[in-house]
Structures are given as C-alpha cells and as structure tokens.
Amino acid sequence: MSTAEIREILATCEQEPKLHVVGDVVRVIANTGLRSSEFRRLQMSEVDIASGWLTISKGPKVPYAREVILRPKAIAAIVALHKLIQELP
C-alpha cells in the first residue's frame with residue numbers, strides 16, 4: 001500500500017466518527033510495520049510510551065524480538081485503542 005493510499009484511508013477515518021478505531025489501527029500498523037498477527041498479540045507491557053519504543057515479541061514468522069520507534073501519532077493511536085479495550089464489557 002502506498003503512502004498516498006494510507007493518507008487517504010486515514011483522512012476518510014478522521015472524517016467519519018464511526019471509523020476512528022479503524023484509523024487508529026491503520027496508523028499503528030503503518031507507522032510500525034507490524035504484521036497483523038503481531039498487532040493482534042500486542043500488549044501494553046510491550047509499549048514504552050515515555051521513551052516512544054515498542055518491543056515486538058518473537059512469533060511464528062520472526063524468531064527474534066525487535067524494537068520499533070513510535071511516532072507521536074502512533075502513540076496516541078495505541079493509547080486510544082487501549083482505552084477503548086478497557087471500556088469493553
């Protein structure tokens with residue numbers, strides 16, 4: 001997916017309140033390079049908001065852990081998604 005396509009998706013998600021969660025997911029994946037399986041396994045204990053780093057645990061396709069720097073918008077998206085998950089019944 002191109003940068004222009006990602007920007008278009010994010011712009012659409014920002015205009016439509018029902019799509020904000022989709023925008024947050026796209027922003028995190030696009031800014032970190034996470035695979036979908038890595039995103040699904042992501043735990044807040046792997047996110048260091050203060051220093052702006054994400055530790056991605058090793059998984060079935062990658063036999064080693066790695067660290068990714070987080071941009072401010074990706075941090076905001078992770079925090080928003082975490083808050084939403086906590087609010088679920």
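We use all heavy atoms of the structure for the numbers below, so side chains are in, but hydrogens, waters and symmetry mates are not.
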> Can you hop from L19 to V26 via hydrophobic side chains spaced under 4.5 Å?
Replying inline: yes
> Where do L34 and L54 land on the side chain to side chain contact (heavy atoms under 4.5 Å, CB included) test, with the steps shown first?
Replying inline: CA-CA 10 Å; L34 287 172; L54 168 66; 4.1 Å; yes
>> Please report the interatomic distance CD1(I75) to OG(S51), rounded to the nearest 0.5 Å.
In response: 8.0 Å
> Are L84 and V25 linked, directly or through other ILVMFWY residues, by side chains that come within less than 4.5 angstrom of each other?
Replying inline: yes
> Is Q15 reaching over with its side chain to a backbone N or O of T12, donor-acceptor style, under 3.5 angstrom?
Replying inline: no
> Any side-chain heavy-atom pair from I49 and M44 closer than 4.5 angstrom?
Replying inline: yes
> Got a second to check how far E46's CD is from E67's CD, nearest 0.5 Å?
Replying inline: 11.0 Å
> Could you give the distance from CE (M1) to CD1 (I29), rounded to the nearest 0.5 Å?
Replying inline: 10.0 Å
> For E14, which residues count as a salt bridge (charged side-chain N to carboxylate O under 4.0 Å, His left out) partner, sequence neighbours excluded?
Replying inline: R27
> Could you state the interatomic distance from CZ (R40) to CZ (R35), rounded to the nearest 0.5 Å?
Replying inline: 12.0 Å
> When you measure from the side chain of E16 to the backbone N and O of C13, does any donor-acceptor pair fall under 3.5 Å?
Replying inline: no
>> Would you compute the distance between atom CG of L42 and atom CD1 of I56 and round it to the nearest 0.5 angstrom?
In response: 8.0 Å
>> Are F39 and L81 packed together at the side-chain level, in the sense that at least one heavy-atom pair is separated by less than 4.5 angstrom?
In response: yes
>> Just to verify, what does R71 make a side chain to side chain contact (heavy atoms under 4.5 Å, CB included) with, not counting sequence neighbours?
In response: N31
> Of all heavy-atom pairs between R41 and P60, which one has the smallest distance, and what is that distance?
Replying inline: NH1-CD, 3.9 Å
> Which atom names give the shortest non-hydrogen contact between G23 and L10, and what distance separates them?
Replying inline: O-CD2, 3.4 Å
>> Checking Q86 now: which residues fulfil side chain to side chain contact (heavy atoms under 4.5 Å, CB included) with it, not counting sequence neighbours?
In response: H82
>> Under the criterion salt bridge (charged side-chain N to carboxylate O under 4.0 Å, His left out), I'd like the reasoning laid out for R66 against E38: C-alpha separation, chi angles, the key distance, then a yes or no.
In response: CA-CA 11 Å; R66 63 191 196 279; E38 293 169 333; 2.8 Å; yes
> Is there side-chain contact between W53 and L70, with at least one heavy-atom pair below 4.5 Å?
Replying inline: no
> Among the clusters formed by ILVMFWY side chains lying less than 4.5 Å apart, do V68 and V79 turn up in the same one?
Replying inline: yes
